[in-house]
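Starting from 1, each residue takes its place in the sequence as its number.
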Amino acid sequence: MQPAIPTYPLVQHRLDNGLTIAVVDNPTSPLAAINVTYRVGSRDEADGQHGLAHLFEHLMFQGSRHVAPGEHSSRISQLGGQSNASTDLDRTNYFQTVPHGAIEQVLWLEADRMGSMPEALSDAVAANERAVVAAEKEERANQPYGELWTYALAALFPADHPYHYPPIGLMEDLAACSLSDLEAFFTRHYSPANAVLTVAGKVEADAIVTQAERYFGGITARAVASRPNGAITAHRGEVHRHVDDAVPSPAVASFYQIPPAPTSAQVAIAAACEILTGGAAARMQRTIVREHHFAEGVQSFARDCSGGTSVAMFAGFVADGSTTTEVLTAMDAEIAAFIADGPSSEEVEIARSRMQRALYSDLLTSGDIADVVGENLAAFPDLAPLEFAAEQVARLDATAIQQAAASYLVTDNRAVIFFDAQERHE
């Protein structure tokens with residue numbers, strides 16, 4: 001029996017300067033989670049500034065008016081907690097997990113860097129963090145298939161689309177950015193009205209709102225920057241890219257433009273991914289991996305991007321004796337059959353169950369809850385952040401899944417990346 005998706009009391013409040021506050025009571029939680037999610041990701045970067053959103057993920061730990069470089073993280077550790085951050089196409093998220101008694105100190109730390117981080121900027125600090133980002137990029141490039149996402153975005157979206165560049169950015173752009181460029185980026189995107197503060201744990205909403213008002217309320221309100229919204233540029237024709245990266249085995253991955261979250265079509269494509277690759281009974285697992293042995297494994301996903309379009313992927317890792325072309329042909333045949341016949345009622349229920357299980361797993365800890373609530377409120381402020389995804393999954397039906405696949409999982413709406421150097425150079 002599928003476990004019920006957890007529900008938690010949620011209180012929202014907005015300060016006069018525009019900061020959104022979300023407090024989620026999780027009375028059995030041993031720890032509290034404090035997240036600040038900013039509505040800025042790589043999609044918001046101007047030409048010549050690709051990578052600034054991710055660079056700021058690092059710079060925000062390098063001091064503010066009352067906090068020395070590196071002190072934010074060290075204070076969290078001294079409190080018995082953990083802190084980190086992440087940058088994606090649509091958002092940047094700063095998160096901490098601490099004992100409940102440390103919540104107020106974390107709010108003060110977050111408010112200090114939201115209100116005064118540029119005061120700690122210097123050429124030396126910026127140069128050091130550029131070097132950290134460059135090392136991160138090199139490390140990723142040296143991992144097997146580590147550049148796949150970069151190749152996919154560049155091939156799938158035209159150069160003027162907000163999703164053409166990945167969050168890691170371009171090192172030449174980061175090297176060319178001055179301190180004034182960095183200060184302007186902060187002013188444009190790190191305003192209270194462009195952020196969501198989420199606190200989850202065994203907490204009293206009134207007390208958290210009072211503390212947030214005390215520390216964040218004095219930060220000056222600023223206008224929220226308009227965001228680029230990259231519409232689907234589907235059916236541009238199929239794009240192929242062959243890369244020479246050293247990988248354990250050849251692989252092929254097809255990327256499709258699909259509607260953005262929270263549309264029903266995006267959820268339907270996610271269900272199609274589950275039916276085709278998700279679990280031992282999935283169609284591609286059964287035929288391509290076990291019956292024909294074309295691939296060692298197959299996988300897929302449907303991203304929940306919010307900037308006007310999103311991305312679905314189907315990938316296969318080539319088995320000995322097969323080729324990337326054979327794997328791609330086999331995956332295409334399964335997708336074509338799925339579009340022609342649609343899913344069975346049993347397949348829809350299995351997909352629904354797997355998607356509900358994933359939603360359940362995403363809400364087990366206060367850290368998970370703060371991530372989901374903060375990111376959903378940042379992206380979809382008019383929707384109930386803990387409920388809307390489950391409601392969409394509950395409404396899935398075979399016809400909608402088939403129609404979405406027929407509209408978007410087509411060859412002239414995709415880019416295909418081949419890790420096939422071994423095949424081409426034999």
Would a 4.5 Å heavy-atom cut-off, applied to side chains only, mark [X] and [Y] as touching?
X    : Y    : answer
Y256 : V311 : no
M355 : L359 : no
V199 : V24  : no
L55  : L59  : yes
N35  : E375 : no
H189 : D44  : yes
I76  : S73  : no
H72  : R113 : yes

Tell me if the [atom1] atom of [X] is crowded by more than 12 foreign heavy atoms within 6.0 Å.
X    : atom1 : result
E138 : CD    : no
E139 : CD    : no
Q143 : CD    : yes

Exercise for the section: Fit a plane to each ring of F419 and Y145, take the angle between them on a 0 to 90° scale, and name the class: parallel (under 30°), tilted (30 to 60°) or perpendicular (over 60°). Expected result: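 Ring orientation, 0 to 90° scale: perpendicular.
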
Exercise for the section: Output, in order, the C-alpha distance, side-chain angles, deciding distance and verdict of ring-ring contact (aromatic ring centres under 6.0 Å, His included) for F418 and H240. Expected result: CA-CA 8 Å; F418 296 85; H240 284 194; 5.1 Å; yes

Problem - Residue from S83, P69, S74 passing side chain to side chain contact (heavy atoms under 4.5 Å, CB included) with F61 - result: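 Among the candidates, only S83 passes.
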
Problem - Passing candidate, side chain to side chain contact (heavy atoms under 4.5 Å, CB included) with V36, options T92, L197, V196 - result: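 It is L197, the one option of T92, L197, V196 that forms the side chain to side chain contact (heavy atoms under 4.5 Å, CB included) with V36.
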
For the residue pair [X] and [Y], what are the closest heavy atoms and their distance?
X    : Y    : value
A340 : Q402 : O-NE2, 3.4 Å
A22  : V373 : CB-CG1, 3.8 Å
V416 : S254 : CG2-OG, 3.8 Å
I269 : A312 : CG2-CB, 3.9 Å

Treating [X] as the side-chain partner and [Y] as the backbone partner, does any N or O pair qualify as donor plus acceptor under 3.5 Å?
X    : Y    : answer
D412 : E238 : no
S407 : Q403 : yes
N93  : S86  : no
D90  : C305 : no
S310 : P260 : no

Short side-chain donor-acceptor distance under 3.5 Å, [Y] and [X]:
X    : Y    : answer
T365 : D368 : yes
E334 : T287 : yes
Q257 : T233 : yes

Interatomic distance, [X] atom [atom1] to [Y] atom [atom2] [nearest 0.5 angstrom]:
X    : Y    : atom1 : atom2 : value
I369 : S29  : CD1   : OG    : 7.0 Å
T324 : D420 : OG1   : CG    : 4.5 Å
T37  : D88  : OG1   : CG    : 11.5 Å
I34  : I208 : CD1   : CD1   : 7.5 Å
L89  : R303 : CG    : CZ    : 5.5 Å
E45  : H50  : CD    : NE2   : 7.0 Å

Exercise for the section: Applying side-chain contact (heavy atoms from CB on, under 4.5 Å), run through L31 and V98 and close with a yes or a no. Expected result: CA-CA 6 Å; L31 297 170; V98 295; over 6 Å; no

Problem - side-chain contact (heavy atoms from CB on, under 4.5 Å) between S249 and E296, worked out - result: CA-CA 9 Å; S249 65; E296 296 175 352; 4.1 Å; yes

Exercise for the section: Step through it carefully: locate the ring centre of Y190, locate the ring centre of F56, and say whether they are under 6.0 Å apart. Expected result: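 Aromatic pair counts; centres sit under 6.0 Å.
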
Exercise for the section: Flag the pair Y165 / F157 as yes when their ring centroid distance falls below 6.0 Å, and as no otherwise. Expected result: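 So the answer is no for these two rings.
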
Practice task
Under the side chain to side chain donor-acceptor pair (under 3.5 Å) rule, what do D181 and S178 come out as? Steps first, then yes or no, please.
Solution key: CA-CA 5 Å; D181 292 328; S178 65; 3.2 Å; yes

Exercise for the section: Check step by step if side chain to side chain donor-acceptor pair (under 3.5 Å) holds for T329 and D332. Expected result: CA-CA 5 Å; T329 300; D332 286 349; 5.9 Å; no

Handout entry: Residues Y94, Y38; criterion ring-ring contact (aromatic ring centres under 6.0 Å, His included); working and verdict
Key = CA-CA 8 Å; Y94 300 86; Y38 292 90; 5.8 Å; yes

Practice task
Quickly, which of R75, Q105, E110 forms a side chain to side chain donor-acceptor pair (under 3.5 Å) with Q96? Name it, please.
Solution key: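 Among R75, Q105, E110, the one that satisfies the side chain to side chain donor-acceptor pair (under 3.5 Å) with Q96 is E110.
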
Practice task
Look at R283 together with E347 and state whether they make a salt bridge at an N to O cut-off of under 4.0 Å.
Solution key: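 Yes, R283 and E347 are salt-bridged.
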
Handout entry: Pairs where residues 117-136 contributes a residue and the test salt bridge (charged side-chain N to carboxylate O under 4.0 Å, His left out) is met, not counting sequence neighbours
Key =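 Counting only pairs at least two positions apart or across chains, the salt bridge (charged side-chain N to carboxylate O under 4.0 Å, His left out) contacts touching residues 117-136 are R65-E119, E136-R140.
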
